[in-house]
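To keep things clear, I will list the structure first and then write my remarks on it.
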Amino acid sequence: MRRARKMHRVLAETYPEAGCELDFTSPFELLVATVLSAQTTDRRVNAVTPGLFATWPDPSAMASASRAELEQVLRPTGFFRAKTDSLLGLSAALVDRYDGQVPARLDELVTLPGVGRKTANVVLGNAFDVPGLTVDTHVARLVRRFEWVPPEIAKDPVKTEHAIAAIFPRRDWTMLSHRLIWHGRRRCHAKKPACGACPVARWCPAFGTGPTDPVEAAALVTTQGPA
DNA sequence: ATCCCGAGGG
DNA sequence: CCCTCTGGAT
C-alpha cells in the first residue's frame, strides 16, 4: 500500500528521535521493564528499574526474591501483585528452561509468564535486532484511523500485525512501531486527536471526522494563524 | 474523569 | 467477548 508507506516516511521525518524509552542494559532488563510498562508511563518504570536491578540483577537472583520485597519495589508501577507474579514466574522459567538466557524467538518468549505478543515483539526489536511489529493500543488505533487494514482485520491485533507486516519491509517493522506509538502519544490521541497539528492529516481518512483537541488547535492558531 | 507502549482468566 | 488487576499524573 503506497499511501501507508508514504505516511510512514513522513512520520519518520517528523519523529527522527523515535525509539524505545525504557532504560535497559540487557535483554533481561528490557524484558522486565516491558512487563512493568503495562498501563504505566515509561518514566515511572525507569524510576524503579535501577533499584530493582541493583537488588536482583539476573533471572536467578530475581527468581529467589522475596515476594513482599518485590511487591514493595514494584508498587509504584501499578498492578504490582500481578507484576510480581510475572517477574517471579518468568525469572524461574528463564532459569530452568533457558539456562538463565532470554530467548530471541517470539514463540518461546510468549510462553513466559506475563509475556504476551506485544512484550515479546518489543524485546525482539529492541534487545535482539530481530524485526518486531508491536501492535499495542496506539498502533491499533492509528491503523484503524489510517485505514491501513480492512475493519474486519483491525478488530484482531494478531491479524493486524500480519496485515501490516505484509505492507512494510521487515527492516522497517521495529521503527515503524516506534513512530506510530510516538505519533499516537503526541498527536493522534484516543480522545481528542490534534488533527490540526498532524503531519499526515492529508492522507488520513479520519481527518476532520472527530473532535479536535482544543488545546492543540489553540496552539496552532497562535503560531500559524487561524485556518 | 481519563490516560498510561497489557496479560490472563472466566 | 468481558472483566480484573493497580497507582500516579493531568
Side-chain angles (χ1 to χ4, degrees), chain A residues 11 15 17-24 29-49 51-52 67-68 70-93 106-127 131-146 151-161 164 173-194 210-216 218-219:
Chain A
L11 291 176
Y15 308 111
E17 72 281 38
C20 185
E21 297 188 273
L22 295 168
D23 298 334
F24 64 98
E29 289 192 6
L30 179 59
L31 177 61
V32 168
T34 308
V35 167
L36 297 184
S37 74
Q39 293 301 106
T40 312
T41 57
D42 290 349
R43 176 183 302 277
R44 182 160 306 284
V45 174
N46 291 336
V48 309
T49 45
L52 182 68
R67 176 178 299 272
L70 200 48
E71 283 188 354
Q72 195 66 16
V73 173
L74 300 187
R75 176 173 277 279
T77 70
F79 296 162
F80 66 91
R81 277 182 281 266
K83 288 174 180 176
T84 296
D85 286 341
S86 295
L87 295 196
L88 288 172
L90 75 84
S91 296
L106 184 68
D107 59 338
E108 294 182 326
L109 283 166
V110 297
T111 68
L112 301 171
V115 179
R117 207 177 169 89
K118 179 262 172 181
T119 299
N121 273 317
V122 168
V123 171
L124 288 176
N126 300 283
L133 258 175
T134 308
V135 180
D136 64 5
T137 173
H138 293 297
V139 173
R141 180 178 71 254
L142 267 62
V143 163
R144 256 182 273 122
R145 284 186 179 155
F146 293 171
E152 290 309 304
I153 292 183
K155 291 175 187 167
D156 176 8
V158 177
K159 288 181 185 170
T160 299
E161 186 187 317
I164 299 299
W173 291 356
T174 301
M175 286 309 296
L176 168 68
S177 303
H178 285 309
R179 288 158 186 154
L180 289 173
I181 290 161
W182 276 53
H183 186 54
R185 287 163 59 170
R186 285 159 182 74
R187 289 165 195 185
C188 198
H189 310 132
K191 284 293 178 183
K192 290 183 235 169
T212 293
D213 188 337
V215 177
E216 295 286 349

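Each chain gets a letter, A, B and so on, in the order the sequences are listed, and its residues count up from 1.
- Although no hydrogens or angles enter the test, the distance criterion places a donor-acceptor pair under 3.5 Å between the side chain of A/Asn46 and the main chain of A/Asp23.
- When heavy atoms are screened at a 4.0 angstrom cut-off, A/Arg44 is found touching the sugar-phosphate backbone but no base atom.
- For B/dA7, neither phosphate oxygen OP1 nor OP2 lies less than 4.0 angstrom from any side-chain nitrogen or oxygen of A/Arg117.
- The separation between A/Ile181 atom CD1 and B/dG6 atom P is 9 Å, rounded to whole Å.
- Side-chain proximity of A/Ala190 to the nucleotides C/dT6, B/dC3, B/dA7 is greatest for B/dC3.
- B/dT2 and C/dT6 have their P atoms separated by 23 Å, given to the nearest Å.
- Side-chain atoms of A/Lys83 and A/Thr40 include a donor-acceptor pair closer than 3.5 Å.
- A/His189 places its NE2 atom 14 Å from the P atom of C/dT10, with the value rounded to the nearest Å.
- Using a 4.0 Å heavy-atom distance criterion, A/Val122 is classed as a base contact.
- Comparing the same atom, P, in C/dT10 and in B/dC5 gives a spacing of 13 Å after rounding to whole Å.
- Taking atom CZ of A/Arg81 as the reference point, atom P of C/dG7 lies 7 Å away to the nearest angstrom.
- Whole-Å rounding puts the A/Leu30 CG to B/dC5 P distance at 15 Å.
- Contact check of residues 71-78 of chain A against DNA chain C (heavy atom, cut-off under 4.0 Å) returns A/Arg75, A/Gly78.
- Residue whose closest nucleotide on DNA chain B sits further toward the 5' end, between A/Thr40 and A/Val110: A/Thr40.
- Look at CZ on A/Phe80: it is 17 Å from C1' on B/dA7, rounded to the nearest Å.
- Counting non-hydrogen atoms under 4.0 angstrom, A/Thr137 reaches the backbone sugars and phosphates but no base.
- Here the C1' atom of nucleotide B/dG6 and the CZ atom of A/Arg141 are 15 Å apart, to the nearest Å.
- The pair A/Arg185-A/Glu21 counts as a salt bridge, with a side-chain nitrogen and a carboxylate oxygen less than 4.0 angstrom apart.
- Base engagement by A/Gly19 is indicated by at least one non-hydrogen atom pair under 4.0 Å involving a base atom.
- When heavy atoms are screened at a 4.0 angstrom cut-off, A/Thr119 is found touching the sugar-phosphate backbone but no base atom.
- For the pair A/Trp182 CH2 and B/dC4 C1', the computed distance is 16 Å after rounding to whole Å.
- Side-chain atoms of A/Ser91 do not come within 3.5 Å of backbone N or O of A/Leu88 as any donor-acceptor pair.
- Between A/Gln39 and the phosphate of C/dT6, there is no side-chain N or O to OP1/OP2 separation shorter than 4.0 Å.
- For A/Lys191, the listed nucleotide lying nearest its side chain is B/dT2; candidates were C/dG7, B/dC5, B/dT2.
- Salt bridge status for A/Arg81 with A/Glu71: absent, with no side-chain N to carboxylate O gap under 4.0 Å.
- Note: CG (A/Leu87) to P (C/dT6) measures 14 Å, nearest angstrom.
- Among A/Leu142, A/Asp136, A/Thr137, the one residue that satisfies the side chain to side chain contact (heavy atoms under 4.5 Å, CB included) test with A/Ile181 is A/Asp136.
- When all heavy atoms of A/Ser177 and A/Val139 are compared, the pair lying nearest together is O-CG2, 4.3 Å.
- At least one test fails for A/Arg179 against the ring of A/Trp182: distance under 6.0 Å to the centre or angle within 45° of the axis.
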